Amino acid sequence: MNITREDVIREVKKIVVDAACNLDPEMVRFLQLAKSKETAPLAKTILSEIIQNQEIARNQGIPMCQDTGVSVFFVELGNQVRLDFDLVEAINEATRLGYKEGFLRKSIVAHPIDRVNTKDNTPAVIHIKLVMGDTLHITFAPKGAGSENLSRMKMMTPAEGIEDVIAFVKETILLAGGKACPPLIVGIGIGGNFELAPLIAKEAIFRPLTDEATHPINRELEVRLMKEINELPVGAMGLGGVTTCLAVKVNSYPCHIASFPVAVNLQCHAARHKEITLGGNKHEEI
Ligand code: SF4
């Protein structure tokens with residue numbers, strides 16, 4: 001299966017612009033559901049305004065938030081796909097064109113110390129996984145700094161357990177308060193090592209909102225944290241109520257006998273992401 005550089009640039013550019021302006025319908029449904037259950041009048045108003053904001057963005061083709069984020073890509077490359085070009089270069093070119101043509105804010109500085117803007121939102125952060133098959137699947141997520149900055153990672157000790165994980169996650173949510181723009185999607189990665197735990201936490205954010213972890217311990221964490229986080233005095237945009245988070249997703253990975261890495265990646269209510277599949281019989285955007 002041949003996929004061309006032009007295919008990648010054209011299709012990725014589309015989802016770069018689309019993601020900024022069109023919040024995933026499932027996310028909108030979760031916001032509407034949360035609004036119907038919310039008991040605090042101010043939080044209800046805030047949720048209405050968040051829903052109205054994304055409607056205006058969709059109808060007028062403008063970004064739903066001024067922070068159009070770091071461009072994060074998760075790529076699944078099938079072993080039967082033949083590429084005769086540099087995939088990373090093509091994704092960066094699509095990012096560059098999408099941010100320019102979509103009039104999206106360019107938020108990347110070339111070096112964290114001298115902070116000179118690259119002026120085209122590149123380079124993107126690109127994770128590539130090799131899989132079986134004849135398709136190239138690309139997920140794009142513009143990740144705003146507000147919620148990303150309040151995310152945390154801790155190398156816990158093996159003597160700690162589920163109660164300590166819950167305490168660490170709740171502490172993270174409390175420290176973030178309104179600055180992470182709740183209601184949140186809370187992605188948690190437990191296990192792996194120092195670099196893997198945050199990566200699986202980020203992947204957790206992009207799981208379907210309705211799915212449930214298959215491992216019983218992960219599922220117990222999801223259920224307990226969903227309840228306990230929404231009992232914290234944070235609420236929509238930090239102004240109280242019962243809607244601090246819309247979903248909690250826990251991913252895990254085996255780890256060293258002497259390690260217990262835990263990462264919490266916070267995703268604000270602007271949980272934007274789009275997917276594209278190229279090759280095979282597929283050519284579809286989700
Ligand atoms: S945290 Fe999210 S909603 Fe808040 S400013 Fe950043 S991208 Fe926008």
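Every value quoted in this text rests on a predicted model; they were computed, and no experiment measured them. Both ligands and their constituent atoms are indexed starting at 1 by order of listing.
For the residue pair Met153 and Ala263, the shortest heavy atom distance occurs at CG-CB, 3.9 Å. Closest approach of Ala197 and Gly191 over heavy atoms only: CB-O, 3.4 Å. Nearest approach of Tyr99 to Gly69, heavy atoms of both residues: OH-O, 3.8 Å. Nearest approach of Thr95 to Ala124, heavy atoms of both residues: OG1-CB, 4.1 Å.
Cys268 lies close to atom 2 (Fe) of ligand 1, since one of its N, O or S atoms is found at a distance under 2.8 Å.
A donor-acceptor distance shorter than 3.5 angstrom exists from the side chain of Asn230 to the backbone of Met226, with no hydrogens or angles considered.
Remark: ligand 1 atoms within the under-4.0 Å shell around heavy atoms of Cys181 are 1 (S), 3 (S), 4 (Fe). The contact set between ligand 1 and Gln66, taken as ligand atoms under 4.0 Å from a residue heavy atom, comprises 5 (S).
Thr243 OG1 to Ile229 CD1: the interatomic distance, rounded to the nearest 0.5 Å, is 13.0 Å.
Residue nearest to atom 1 (S) of ligand 1, selected from Gly144, Ala176, Ser147: Ser147 (by heavy-atom distance).
Here Arg272 has side-chain heavy atoms under 4.0 Å from ligand 1, and that is the only part of it that gets that close.
The shell of residues lying under 4.0 angstrom from ligand 1, judged by heavy atoms, excludes Lys143.
Of the protein's heavy atoms, Cys65 SG, 2.3 Å lies nearest to atom 8 (Fe) of ligand 1.
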